[in-house]
Amino acid sequence: MTRSQEWYAGTDRNSYIHRAWMRRGLPSDAFDGRPHIVVANTASDLTPCNSHLTEVAQSVKQGIWEAGGIPLELPVMSLGETQVKPTAMLWRNLAAMSIEEMLRANPIDGVVLLGGCDKTIPSLLMAASSVDLPAVVVPGGPMLTGTFRGVALGCGTDVWRLSEEVRAGELSEEDFLRSESSMIRSKGHCNTMGTASTMAVMAEALGMTLPGIAGTPAPDSRLLEQAQTTGRLAVQLVADDRRPSQVMTRGSFLNAIVALAAFGGSTNAVVHLLAIAGRLGVDLTLEDFDRTGSGVPLLVDLQPAGEFLMEDLHRAGGVLAVLHQVADLLDPDAITVTGSPLVSYLDDAHTWDQAVIRPRTAPIIADAGIAVLRGDLAPDGAVLKIAAASPHLLKHRGRAVVFDSVEDLRARIDDPDLDVDVDSVLVLRGCGPKGYPGMPEVANMPLPKKLLERGVRDLVRISDARMSGTAYGTVVLHVAPESAAGGPLALLREGDVVVLDVPARRLDVDVPAAEWAARQPSEQAGARYAAPTRGWERLYVDHVQQADTGADLDFLVGSSGDQVTRESH
Ligand code: FES
């Protein structure tokens, strides 16, 4: 008996109600045990990166029909990264919770998860992990490469670059605004190795997609072909009863960490992977990212750290070609949704352009990955993306310039009297999960205008916030515990000497130990911008955990399974 038959089978009043309201043209054998598969769709006009998923859903549904299943589209909570305030991360857990509950509450046997924009694939995977129904992801794919004045635009990344050029006086505001209509060339998500592209790669490395689909551009007809194949696969997944908890094992997560390093993926993947692992009960820690990722070569030359864009990656051979290069570092036993190991799809993968996907013998960086730092300023850890950092700043001492909030930063960063020089360390606190609330992408602070005008393009920056996957720089982020949760960033004072030593994985302060121990938190440092009194924000602030464990809500960690024991009528 399938799960959906717990609703539909029988001759009693309740099964009658469940069937009758769903018939609406469905064939009479639709309720006799054929798998009912939901297409959980994050398409929304206010999530522009995902708006084409309605078309993708049609191909998925066609595949489900062909294989004998009953497709059912379920619009689910969707987060448009560029649109929502104060930050989409504030609602990642709400999206995950609402999707989890709707998957559990409904008469379904499996789910196809359609996502794209940054928080959508993480929230879908967190939900699917907690309900643990057979599930497979279709990543919506990146947009095509737009150009401005003959030069390719990295969506997101070039917004930061162009806006800094305006501040440095190198680009007029008029020309900056002219580039706006060129930034988004087609349907699809950001075309850099930002968070959306990274999480599509993570979903594939975890084994949760049809192998080879991630990175297929949104307008490419092959995406619809693969979506249809995924629909058929979903029916097989249900028949095989293969669940996320069987696919996403510790080995799969370590494979994802290898991929994260080889692709130079977004630091946001750290919090998302930790949160997904938390839902599954997989033992994954911050240290795993450093231990497993730091010996992995960076092979993909994509913006924000490199040159090319997602369309180039696909042309050059795509995700499987990159994983082929690091196949020996992957867990050979980690399976995909097909039931076969990820590594079994790599033998035939070929690289067609070695400028985009470097050979293992000539990596961009030999030891890439995410460095996990600990020390006086980050007892529970902080992360730094080595591929996006300036090599000369990886060992650095400098006087702290401390900002208590984003508003404080904006008010003072361009002040000609700001006491800052090329060796200064910019510190932004009050921007963690509880403090902001929602842990926004503001850790890549803008550089002071007076230094930009002198040609300075990077400073060491430290924050309890996140940074956009499309950003770059020597940025220490996700500092835990955050200042609003009693973390030592709150003790820091203007002019304190901060010591960053990435090779030693340390982040310390050069203040006599006795003085540091006696320090009281700055009054402003722990203050929330506006402490929420009701609604989701209140629930979030009361229950959100710190970045080092994935910033999930404490009561959402783990799984509730797919069972509903009580009737609705
Ligand atoms: Fe949606 Fe970048 S804003 S992926």
Side-chain angles (χ1 to χ4, degrees), residues 41-54 56 76-92 95 113-125 137-146 152-163 179-204 213-220 223 260 263-269 271-272 302-305 308-311 313-314 319 385 388 438-444 466-472:
N41 194 352
T42 53
S44 160
D45 287 342
L46 282 168
T47 308
C49 306
N50 292 18
S51 55
H52 66 295
L53 291 179
T54 304
V56 175
V76 293
M77 184 171 168
S78 182
L79 295 167
E81 190 67 28
T82 51
Q83 307 310 103
V84 295
K85 295 179 180 181
T87 172
M89 185 63 175
L90 178 59
W91 296 288
R92 181 202 64 177
L113 308 161
L114 305 192
C117 197
D118 294 16
K119 305 298 176 294
T120 53
I121 286 181
S123 57
L124 288 163
L125 279 174
V137 174
V138 175
M143 65 185 74
L144 301 176
T145 303
L153 282 179
C155 154
T157 301
D158 274 328
V159 178
W160 311 130
R161 182 177 61 76
L162 294 172
S163 66
S179 71
E180 185 178 304
S181 59
S182 310
M183 190 60 69
I184 307 299
R185 179 173 167 214
S186 74
K187 55 189 172 186
H189 60 66
C190 291
N191 60 4
T192 57
M193 187 46 72
T195 305
S197 300
T198 301
M199 291 313 300
V201 172
M202 294 298 95
E204 180 154 332
I213 192 173
T216 305
D220 194 308
L223 179 66
L260 184 63
F263 283 82
S266 162
T267 45
N268 284 323
V271 277
H272 297 323
L302 249 62
Q303 291 188 34
F308 296 99
L309 293 162
M310 287 300 287
E311 196 180 339
L313 175 65
H314 192 249
V319 172
K385 181 175 171 179
M439 206 186 176
E441 294 182 332
V442 293
N444 51 309
R466 295 176 304 122
M467 83 172 175
S468 165
T470 59
Y472 51 91

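Counting convention: from 1, in listed order, for ligands and their atoms alike.
Among protein atoms, those of element N, O or S found less than 2.8 Å away from atom 1 (Fe) of ligand 1 are C49 SG, C117 SG.
Under the 3.5 Å distance criterion, with hydrogens and angles disregarded, no donor-acceptor pair is assigned to the side chains of T42 and S78. No donor-acceptor contact under 3.5 angstrom links the side chains of N191 and Q303, judged on distance only.
Residue pairs that meet the salt bridge (charged side-chain N to carboxylate O under 4.0 Å, His left out) test with at least one member in residues 43-52, sequence neighbours left out, do not exist here.
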Atom pairs and distances, side-chain donor-acceptor, residues 179-186, under 3.5 Å, sequence neighbours left out:
{"from": "S179", "atom 1": "OG", "to": "F176", "atom 2": "O", "distance (Å)": "2.6"}
{"from": "R185", "atom 1": "NH1", "to": "T145", "atom 2": "O", "distance (Å)": "3.1"}
{"from": "S186", "atom 1": "OG", "to": "L144", "atom 2": "N", "distance (Å)": "2.9"}

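Residues R92 and P122 are in side-chain contact: their nearest non-hydrogen atoms beyond the backbone lie under 4.5 Å apart.
Checked against side chain to side chain donor-acceptor pair (under 3.5 Å), T198 has no partners two or more places apart in sequence or in another chain.
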